[in-house]
Amino acid sequence: MERYYQEDMECASRETMLALQNEKLLKQVRHVWDNVPYYRKKMEEKGVTPDDIKSVDDLHKLPFLSKSDLRDAYPYGLLGTDLKECVRIQSTSGTTGKRVVAFYTQEDIDLWEDCCARAITAAGGTNEDVCQISYGYGLFTGGPGLNGGSHKVGCLTIPTSSGNTDRQIMFINDLSATILCCTPSYAAYLGERMKELGLGPDDIPLKAGIFGAEAWSEEMRQDIQNTLGIKAYDIYGLTELSGPGVSFECSAQKGMHINEDHFYPEVIDPDTGEVLPEGSEGELVFTSLDKKAFPLLRYRTRDICVLSREKCSCGRTLIKMKKPKGRSDDMLIIRGVNVFPSQIETVLLNHGYAANYQIIVGRVNNTDTLDVRVEMTPEMFTDNLGEIEKRQKDLVDGLKSMLGLKAKVTLVAPKSITRSEGKAVRVIDNRKI
Ligand code: DLL
């Protein structure tokens with residue numbers, strides 16, 4: 001039986017949801033106009049006032065916000081309340097430029113944790129479960145967000161944070177953890193380590209995993225499910241909008257339901273900004289409908305995705321997004337061809353490899369080069385050169401048919417690629433260095 005955390009919202013009729021979204025949007029636009037001079041100026045430049053926005057159909061009139069706006073407005077420029085009403089900040093890892101700092105009032109945290117509680121409940125979680133949270137705690141939103149959701153559901157919560165893999169495994173077994181929350185790459189690593197310790201899927205008490213924060217392929221899901229003997233659910237979110245729980249997967253495991261009573265989604269053409277019809281692939285844009293401290297309108301995520309209102313077997317009516325293909329800024333352009341790391345991952349896993357790989361891009365004599373280093377699994381490990389060459393050629397062919405590009409493939413020994421405890425870094429683009 002499917003369980004819901006907030007059934008009235010998760011299964012609302014289309015009319016109820018739309019009426020709520022319209023009501024919240026009008027209030028939110030007024031709130032931003034009155035309290036966020038940075039965005040008000042953008043609206044004025046576009047010649048829009050709150051009176052022009054009567055429903056979500058008018059959203060396209062509003063200006064976009066992008067990561068560069070967040071950097072320009074750092075740290076307080078997009079704050080929608082007095083600082084004394086805020087109780088927390090969280091922040092992105094910010095590999096380039098300034099970090100994004102997001103602010104929360106107590107109510108903002110409350111609705112964020114509700115979103116995470118919906119995700120945990122959709123993965124089968126109840127107050128009888130033990131939920132181990134191996135996302136990082138601290139400025140990263142993964143640990144704190146799911147921790148709050150787990151409390152709301154009433155699970156016994158184990159806040160291990162990431163790292164110290166053998167201790168993670170000890171807690172899972174000693175305290176009979178039934179739900180594991182971490183990045184998919186860390187889940188794969190935990191599975192690998194358990195295997196080394198002689199633990200098979202039937203020896204582990206886990207029944208479900210809630211994995212997100214990075215793009216992962218359907219093939220990787222199968223792999224993790226088999227190794228850990230669990231059902232693996234996807235979860236999506238970003239710091240700018242609160243953190244994990246913007247959308248979450250249900251028992252159907254076919255895309256994530258967006259918590260659209262809080263986050264209104266659009267898909268746009270990333271080049272022209274034009275809003276695309278449902279079912280088209282494009283850049284996801286979100287409007288936070290009720291966050292007060294950091295109320296972003298039409299925020300461009302750079303995630304490439306497809307929305308769908310197809311009826312879902314779980315009974316939820318919340319709109320769904322397909323697995324994001326990756327970020328537009330993760331997309332590599334190699335010899336003029338668009339390549340997402342997730343496409344390479346699909347080929348590798350379809351050929352029996354695990355998701356331990358590195359993509360190295362370079363340029364020689366003005367031509368881009370694509371090198372894929374992938375680990376052999378312990379079962380396929382061999383020093384028979386003929387065998388290795390045959391395997392490499394199979395992968396070159398597989399990548400050619402997926403990408404339309406010739407790549408160089410190098411098979412490396414098991415465990416020679418560094419494991420990640422958080423978001424995996426898979427691409428090294430030497431053209432940028
Ligand atoms: O990664 C929040 C989060 C924590 C989500 C835990 C899920 C679980 P940021 O560090 O701000 O926030 O990174 C956000 O990560 O724009 C996507 O590009 C990517 N991302 C997040 N979830 C998924 C997912 C957290 N399920 C950025 N699939 C987003 C693919 C994801 N990409």
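Just so you know, ligand 1 is whichever comes first in the structure, and atom 1 is the first atom listed for that ligand.
- Around CD of Glu310, the count of heavy atoms belonging to other residues, nucleotides or ligands within 6.0 Å does not exceed 12.
- Taking a cut-off of under 4.0 Å to the non-hydrogen atoms of Lys423, the atoms of ligand 1 that pass are 1 (O), 9 (P), 10 (O), 13 (O), 14 (C), 15 (O), 25 (C).
- For the pair Glu214 and ligand 1, the shortest N or O to N or O distance falls below 3.5 Å.
- Using a 4.0 Å cut-off to heavy atoms of Phe140, the atoms of ligand 1 that qualify are 1 (O), 4 (C), 10 (O), 25 (C).
- Heavy-atom proximity to Thr92, at under 4.0 Å, picks out these atoms of ligand 1: 11 (O).
- Remark: ligand 1 and Leu238 share no N or O pair separated by less than 3.5 Å (distance only, no angle test).
- With hydrogens and angles disregarded, a donor-acceptor distance shorter than 3.5 Å links the side chain of Asp368 to the backbone of Arg335.
- Annotation: Lys415, atom NZ; neighbour count of heavy atoms from other residues, nucleotides and ligands within 6.0 Å is above 12.
- The closest side-chain donor-acceptor pair between Thr165 and Tyr186 falls under 3.5 angstrom.
- Contacts between Thr141 and ligand 1, counted as non-hydrogen atom pairs separated by less than 4.0 Å, involve the side chain only.
- For a threshold of 3.5 Å applied to N or O pairs, the pair formed by Trp216 and ligand 1 contains no separation below that value.
- Side-chain N or O atoms of Lys320 include one that pairs as donor or acceptor with a backbone N or O of Lys254 at under 3.5 Å.
- In terms of polar-atom proximity, Asp234 is counted as a contact of ligand 1, with an N or O under 3.5 Å from an N or O of the ligand.
- With Lys46 contributing its side chain and Lys61 its backbone, the two residues share a donor-acceptor pair below 3.5 Å.
- Residue pairs meeting the ring-ring contact (aromatic ring centres under 6.0 Å, His included) criterion with at least one partner in residues 226-269, sequence neighbours excluded, are absent.
- By heavy-atom distance, the residue among Ile304, Val100, Asp303, Asp330 lying nearest atom 18 (O) of ligand 1 is Asp303.
- With hydrogens and angles disregarded, a donor-acceptor distance shorter than 3.5 Å links the side chain of Trp112 to the backbone of Pro244.
- The shortest N or O to N or O distance between Ile235 and ligand 1 is under 3.5 Å.
- Considering only non-hydrogen atoms, atom 23 (C) of ligand 1 lies nearest to Ala213 out of Ala213, Pro144, Pro324.
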